[in-house]
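In what follows, every chain begins at residue 1, and chains take the letters A, B, ... in the order their sequences are listed.
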Amino acid sequence: MSQLKVYNSLTRQKEAFESITPGHVGMYVCGPTVSGESHLGHARPFITFDIVYRYLLHLGYKVRYVRNITDAGHFEEEGREAEDKISSKAILEKLEPMELVQKYTNLYHWAMLQFNNIPPSIEPTATGHIVEQIVMIEKIIADGYAYVANGSVYFDVAKYDADFSVKGSPYGMLSGRILEDMQEGSRELDNQEEKRNKADFALWKNAPPEHIMRWVSPWGEGFPGWHIECSAMSTKYLGQQFDIHGGGMDLQFPHHECEIAQSTVCNHKTPARYWLHNNMITVNGKKMGKSYGNQIKLTEMFSGNHPALEQAYHPMVIRFFILQTHYRSTLDFGNEALKATEKGLKRLWEAYTTSQEMNVGNNHAAADAALDEKVRKLVEQFDEFMNDDLNTAKVVANMFELVPVINGIKDKHIAADAISTNTLSLLQRQLKVFVEDIFGLKSEEEYNNDGKLDGVIQLLINMRKEAKDKKDYVTSDKIRTELAALGIQLKDDKDGNISYSFA
RNA sequence: GGUCCUGUGGCCGAGAGGCUAGGCAGAGCUCUGCAAAAGCUUCCACAGCGGUUCGAAUCCGCUCGGGACCUCCA
């Protein structure tokens, strides 16, 4: 089998993946800031890296997957002005800051569950690692790469760049920018006068009196800077250098760039070997994000309760929508596209279910050698495509090519012995592995079916069958029509059975 | 202004020198008591203009369009 290759943002090319410790992988992914509700755009990295996680497990690695929760510091409430930090929001809602954070953390966890994302091995919080962050900042100061100003601490980017460029780690190495180029276009920010250079970034911020979230530090009461938590927590749980660091492309600069600088000063090596970045979800070609006010919250996606939505979309539909494109391409949101995904997923899932119930028979020689070969190839390519920078889109395309074959066998349109037992069982096995274990798809029915419903529907199906046998089409059509009105679709199969699905 | 990405059929999207994915929608047919589902067939592409090449959607140049980052951001 081919070897896994991933596109490394650091080197701008696909590279063979080799873990530092054979058999083990350490992966860090930037998690959410829990000052507000997650939106559709947030779903992408968490689903993308869930696939990465699942695929690495499939390859047999033991993976420690760390995904943080940013619940402290300097961040903004969605839809509010810049100065409206978590603290003032808390006052408005008469909530403790941690109460607010808890609320959105719970909501986030709920959404992750809806998507069938496997929880990370460790989910550290920024507030739980204030000490680690302070220790790290002290080390950076001691090494001379940070300075204190009015109770805040800033990272000295110019000095870092000068000293580490010669060691092969210039500031900007990840995002491909050169320090001098960046000076001109940057805008005015608060407290710029405290910084020696515009490019310097905060490691620790002095807390103004009204800021409720504050901790004692060697520099006075304040809160950690925007980037230090990831450096502190990834080092703590994954070591000075680990295998994969993931996140959205918009985090590449400055967030990941700053992480590299901080960690490199402390640990003398680039923190992660492979940097993976997923692209954005767009709306009419524009990134879905705070700044554009075009985001659709996940609760709205699931309920359909948003002006831009023509209907509700099931979490599995969204998951599949994301899988149908390569993670490094933008993905344009649209009702038409989502509906197409919904229909496609339904067709795929039904064929998948059929494939798992199929009797593989016992014939060694395929009657239709060409078809047998085609099926085998389509299945074998699953691994090949995933190994090529996790190309889920191509795997999905192959799965769809297998659908007519599966349905054809079911309908007896394709002879039972056309495909060998070997190939059929390979198909069964690999479909299950990829559909359920790696893609993490699951039946929509599982969400709202407690088992009793199935019994009731089977009863109605039997009644319809009896009516049909008696040519009592009035009764049989009534059962079918009224169930359809409830969103349950009956289908007369070729073999005389009746199956159903939820519309 | 700087750095970088991108432009594929009605829509969403793979592909990245020759074999021209896939899904949805449209059209026709088959099966069926009817319908649905399913199956089969089919229409519709590589922004424009040049260049390289035996051959370009794919490489190069220009033009036009879209976008990301440089500020919190997945």
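- If you check every strand for non-hydrogen atoms under 4.0 Å, A:H277 touches nothing.
- The distance between atom CG of A:L323 and atom C1' of B:G22, rounded to the nearest whole Å, is 14 Å.
- Distances from the side chain of A:K286 to the nucleotides B:G33, B:G67, B:C69 place B:G67 closest.
- At a threshold of 4.0 angstrom between heavy atoms, the contacts of A:D492 include nucleobase atoms, whether or not backbone atoms are also involved.
- Within 4.0 Å of A:D477, counting heavy atoms only, lies at least one base atom of the nucleic acid.
- Looking at heavy-atom distances under 4.0 Å, A:T330 makes contact with sugar-phosphate atoms alone, never a base.
- Picking from B:A74, B:A68, B:G33 the nucleotide with the shortest atom distance to the side chain of A:I281 gives B:A74.
- Residue A:K410 has no polar side-chain atom (N or O) positioned under 4.0 Å from OP1 or OP2 of B:G39.
- Rounded to the nearest Å, the gap between the P atom of B:A27 and that of B:G65 is 37 Å.
- Projected onto RNA chain B by closest heavy-atom contact, A:S291 and A:A393 fall at different nucleotides, the more 5' of which corresponds to A:A393.
- Distance noted for atom C1' between B:U41 and B:A74: 43 Å (whole Å).
- Contact annotation for A:G285: backbone-only contact, meaning every heavy-atom pair under 4.0 Å involves sugar-phosphate atoms and none involves a base.
- Taking a pair to require two hydrogen-bonding distances under 3.5 Å in either a Watson-Crick or a G-U wobble arrangement, B:C72 remains unpaired.
- Taking the six-membered ring where tryptophan is involved, the planes of A:H245 and A:H256 are perpendicular, since the angle between them exceeds 60° and thus also 30°.
- Side-chain N/O atoms of A:E15 and A:T11 include a donor and acceptor closer than 3.5 Å.
- Among the candidates A:F302, A:W110, A:F320, the single residue satisfying the ring pair (Phe, Tyr, Trp, His ring centres under 6.0 Å) test with A:F115 is A:F302.
- No hydrogens or angles considered: nothing links the side chains of A:Q324 and A:T392 as a donor-acceptor pair under 3.5 Å.
- Nearest nucleotide to the A:R464 side chain, out of B:C73, B:G39, B:G33: B:G33.
- Ranking B:A35, B:A37, B:C69 by closeness to the A:R480 side chain, first place goes to B:A35.
- Of the candidates A:D50, A:V52, A:L56, A:D50 is the only one forming a side-chain contact (heavy atoms from CB on, under 4.5 Å) with A:R54.
- At the heavy-atom level, A:V395 lies nowhere under 4.0 Å from the strands shown.
- When the C1' atom is used for both B:A36 and B:C43, the distance is 25 Å, rounded to whole Å.
- Between B:U53 and B:C60, the distance separating the two P atoms is 16 Å to the nearest Å.
- In this structure the side chain of A:L483 never reaches within 4.5 angstrom of the side chain of A:Q489, judged on heavy atoms.
- Comparing B:A36, B:C24, B:G39 against the side chain of A:A340 picks out B:C24 as the nearest.
- Considering only side-chain atoms of A:S329, the nucleotide from B:A14, B:G22, B:C12 that sits closest is B:A14.
- The separation of B:U8 from B:A45, taken at their C1' atoms, amounts to 6 Å, rounded to a whole angstrom.
- Side-chain contact check for A:Q252 and A:H277: at least one donor-acceptor pair (N or O, by modelled atom type) lies under 3.5 Å.
- In this structure, the CZ atom of A:F400 is 17 Å from the P atom of B:G15, given to the nearest Å.
- Nucleotide B:G7 forms a pair with B:C64, judged by Watson-Crick or G-U wobble geometry with both contacts under 3.5 Å.
- For the C1' atom pair drawn from B:G51 and B:C12, the interatomic distance equals 33 Å after rounding to whole Å.
- The A:K394 side chain lies nearest to B:A14 when the options are B:A14, B:C69, B:A35.
- Residue A:M280 is classed as a base contact, given a heavy-atom separation below 4.0 Å to a base.
- Looking at heavy-atom distances under 4.0 Å, A:T341 makes no contact with the nucleic acid at all.
- In this structure, A:Y160 has its ring center closer than 6.0 angstrom to the ring center of A:F155.
- A side-chain N or O of A:H109 and one of A:E123 form a donor-acceptor pair less than 3.5 Å apart.
- The base of B:C4 lies outside donor-acceptor range of the side chain of A:S175, with no N or O pair under 3.5 Å.
- Within the shown strands, nothing qualifies as a pairing partner of B:U52 under the Watson-Crick or G-U definition with both distances less than 3.5 Å.
- Across all strands shown, B:A16 forms no Watson-Crick or G-U wobble pair with both distances under 3.5 Å.
- Under 4.0 angstrom from either OP1 or OP2 of B:G39 there lies at least one side-chain N or O belonging to A:N407.
- If you check every strand for non-hydrogen atoms under 4.0 Å, A:G334 touches nothing.
- As rounded to whole Å, 10 Å separates atom P of B:A25 from atom CD of A:E336.
- Remark: ring of A:Y473 overlaps the six-membered base ring of B:G33 in a stacked fashion, centroids less than 5.5 Å apart, planes less than 30° apart.
- Taking the C1' atoms as reference points, B:G23 lies 16 Å from B:G15, given to the whole Å.
- A donor and an acceptor atom sit less than 3.5 Å apart, one in the side chain of A:K287 and one in the base of B:C73.
- Counting any heavy atom pair closer than 4.0 Å across all strands shown, A:Y292 reaches sugar-phosphate atoms only and no base atom.
- Summarising the base pairing, B:C29 is matched to B:G39 through a Watson-Crick or G-U wobble pair whose two defining distances lie under 3.5 Å.
- The side chain of A:L331 lies closest to B:G13 when the candidates are B:C34, B:G13, B:A37.
- The residue A:E401 sits close only to the backbone: its heavy atoms come under 4.0 Å of sugar-phosphate atoms, none of a base.
- In this structure, of B:A74, B:G22, B:C70, it is B:C70 that holds the atom nearest to the side chain of A:F253.
- With RNA chain B read from its 5' end, the first of the two nearest nucleotides for A:L490 and A:M249 is the one closest to A:L490.
- The side chain of A:K343 places an N or O atom within less than 4.0 Å of a non-bridging phosphate oxygen (OP1 or OP2) of B:A25.
- Considering only side-chain atoms of A:D332, the nucleotide from B:C12, B:A14, B:A37 that sits closest is B:C12.
- At least one side-chain nitrogen or oxygen of A:N391 sits closer than 4.0 Å to the OP1 or OP2 atom of B:G15.
- For the P atom pair drawn from B:G10 and B:G18, the interatomic distance equals 25 Å after rounding to whole Å.
- Contact annotation: A:R347 side-chain N/O to B:C24 OP1/OP2 distance is under 4.0 Å.
- Between the A:Q114 side chain and the A:L298 main chain, no donor and acceptor come within less than 3.5 Å of each other.
- At the heavy-atom level, A:A397 lies under 4.0 Å from base atoms of the strands shown.
- Nucleic acid contact for A:K471: none, since no nucleic acid atom lies under 4.0 Å from a heavy atom of the residue.
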